[in-house]
2 protein chains.
Amino acid sequence: MDIVDDRTRADRLVSDVSEDILNGAFAPGDRLDELSLAERYGVSRTPVREALRRLASSGLVEVRPRRGAIVARITAEKLAELFGAMAELEATCARLSAIGMTPMERRRLEAFYASMEPLVSAADAEGFAAANLVFHTQIYAGAHNGHLAEITAGLRSRLLPYRCAQFRTPGRLPRSHAEHGAVVAAILDADAAGAHAAMLRHVSLVEDSFERLAAARAVRG
Amino acid sequence: MDIVDDRTRADRLVSDVSEDILNGAFAPGDRLDELSLAERYGVSRTPVREALRRLASSGLVEVRPRRGAIVARITAEKLAELFGAMAELEATCARLSAIGMTPMERRRLEAFYASMEPLVSAADAEGFAAANLVFHTQIYAGAHNGHLAEITAGLRSRLLPYRCAQFRTPGRLPRSHAEHGAVVAAILDADAAGAHAAMLRHVSLVEDSFERLAAARAVRG
DNA sequence: TGGAGGGATATTGTATGCAATTCATCTATA
DNA sequence: TATAGATGAATTGCATACAATATCCCTCCA
């Protein structure tokens, strides 16, 4: 059974190149000249150009007019800004969720939070990471603002490569779960300021533990 | 004296096409086929394609794979989401400004706010609109997070076409100025929650007056 | 009359060649 | 030796031709 991939070559290039950037085949600062990429991926320069522009708009590469593209070098300051912006956005979503979630959404959030407990007991970092994404996404959705949710989710995914080891730190799982608990409690309470503060604290703590260091390492290349 | 424009054709197309969209030469939903655009602007399809993709990433057009591009139809709900997201982002910048602005930034903001008073007295809507942008931009900068500032400014500019008549409403100028005053006072007081609330209120009020109606009209085409 | 199928047409996706610009290297001169 | 200028190679920007896909319209059948 042949599942044909009806994406265009440029679409696939976006995935392939970003993968190669994220797993280190291309390091920050590396030149990405169109001809080499075209040969490497077996296509012509045209879709390569398109893919590079798209990657630029997502922040992964930097195109300088007439001077070619390079893998974006994210400085430590820029990375801190991105993490900071994400924390604020997440906190805003939490605040709006506290104000506006429907009773059904609140019940679902509570139930989902409870369902994460076994993963903590089992120290299942991978399972928890997956559930964590769902948890946060529920809160984006609870803000009832698709654009805000999109921005926030986009930023989260952009920062994903800098957070790989997130739940490996010993003791991080139960702490994260407890912080989630504070967020959930505030949202269920319709406590806007509390939800904002709890989420801001949660996201900042997660970032502040040791993946900042990992990130810094990644930046230095 | 010839000031040559060293922008690439695609760069110019981005400006030209977005202008033509914003002033109504192309209406929402109109097809933007590459050949017609190429002929219209006297270039080949290649830079047209690039411009269309870039406009898509900024939300002005919508490209459907293999099915061409159309001028984005912003629904009323989507527009409300965009305004809502902007309000939240602006409020967040205000909150961070209250917390983190340097003394110099605070003095500048206060001085700039004072300098807007004459424009209100003179009922200079155009001058006020220009100063208004500067005022808000100062607050984006005061958040000390370049990425957040960029997102917020981007959203503001994207919404600009839906806010043309902003300060024409009778009485809007003094009211806006008063609302700015509340924001400035809270920021100078380092009152995070107050700054957030004041800015949220300000932006929401501005939007809620009558340009939502203008926007709805624009959407209906 | 209404809908399904099929072929012509129009439009997008991709490859390639040429023009324009940048970059690197080498030379000449102070 | 260091710097400015020039020259050639490498690379991007753009145009055009071809291939793949979608769209439209016509015919045919129930």
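Keep in mind the model is a prediction, meaning the values are calculated, not measured. Here is the naming used below: chain letters follow the sequence lines, and residue numbers restart at 1 for every chain.
Legend: residues meeting side-chain contact (heavy atoms from CB on, under 4.5 Å) with A:Ala195, ordered by chain and number and at least two apart, are A:Ala94, A:Ala98, A:Ala186, A:Ile187. Scanning for ring pair (Phe, Tyr, Trp, His ring centres under 6.0 Å) contacts around B:Phe135 gives B:His180, with sequence neighbours left out. Residues satisfying the ring pair (Phe, Tyr, Trp, His ring centres under 6.0 Å) test with A:His144, not counting sequence neighbours, are none.
Within the structure, salt bridge (charged side-chain N to carboxylate O under 4.0 Å, His left out) contacts touching residues 132-149 of chain B (residues at least two apart or in different chains) do not occur. Every pair passing salt bridge (charged side-chain N to carboxylate O under 4.0 Å, His left out) that includes a residue from residues 84-93 of chain B is listed here, sequence neighbours excluded: A:Arg95-B:Glu88, B:Glu90-B:Arg156. Listed by first and then second residue, the salt bridge (charged side-chain N to carboxylate O under 4.0 Å, His left out) pairs that reach into residues 13-33 of chain A are A:Asp20-A:Arg40, sequence neighbours excluded. Screening residues 56-69 of chain A for side chain to side chain donor-acceptor pair (under 3.5 Å), with sequence neighbours left out, gives no hits.
For DNA chain C, the outermost nucleotides in 5' to 3' order that have an atom under 4.0 Å from a heavy atom of chain A are C:dG13 to C:dC23.
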Which protein N or O atoms sit under 3.5 Å from an N or O of nucleotides 12-16 of chain D?
unit_1 : atom_1 : unit_2  : atom_2 : d
D:dT12 : OP2    : A:Glu34 : N      : 3.3
D:dG13 : OP1    : A:Arg66 : N      : 2.9
D:dG13 : OP2    : A:Arg49 : NH1    : 2.5
D:dG13 : OP2    : A:Arg49 : NH2    : 3.0
D:dG13 : OP2    : A:Arg53 : NH2    : 2.7
D:dG13 : O3'    : B:Thr8  : OG1    : 3.4
D:dG13 : N7     : A:Arg45 : NH2    : 3.0
D:dG13 : O6     : A:Arg45 : NH1    : 3.2
D:dC14 : OP1    : B:Thr8  : OG1    : 2.8
D:dC14 : OP1    : B:Arg9  : N      : 2.4
D:dC14 : OP2    : B:Thr8  : OG1    : 2.7
D:dC14 : O3'    : B:Arg9  : NE     : 3.1
D:dA15 : OP1    : B:Arg9  : NE     : 3.2
D:dA15 : OP2    : B:Ser44 : N      : 2.7
D:dA15 : OP2    : B:Ser44 : OG     : 2.7
D:dA15 : O5'    : B:Ser44 : OG     : 3.4
D:dA15 : N7     : B:Thr46 : OG1    : 2.7
D:dT16 : O4     : B:Thr46 : OG1    : 3.3

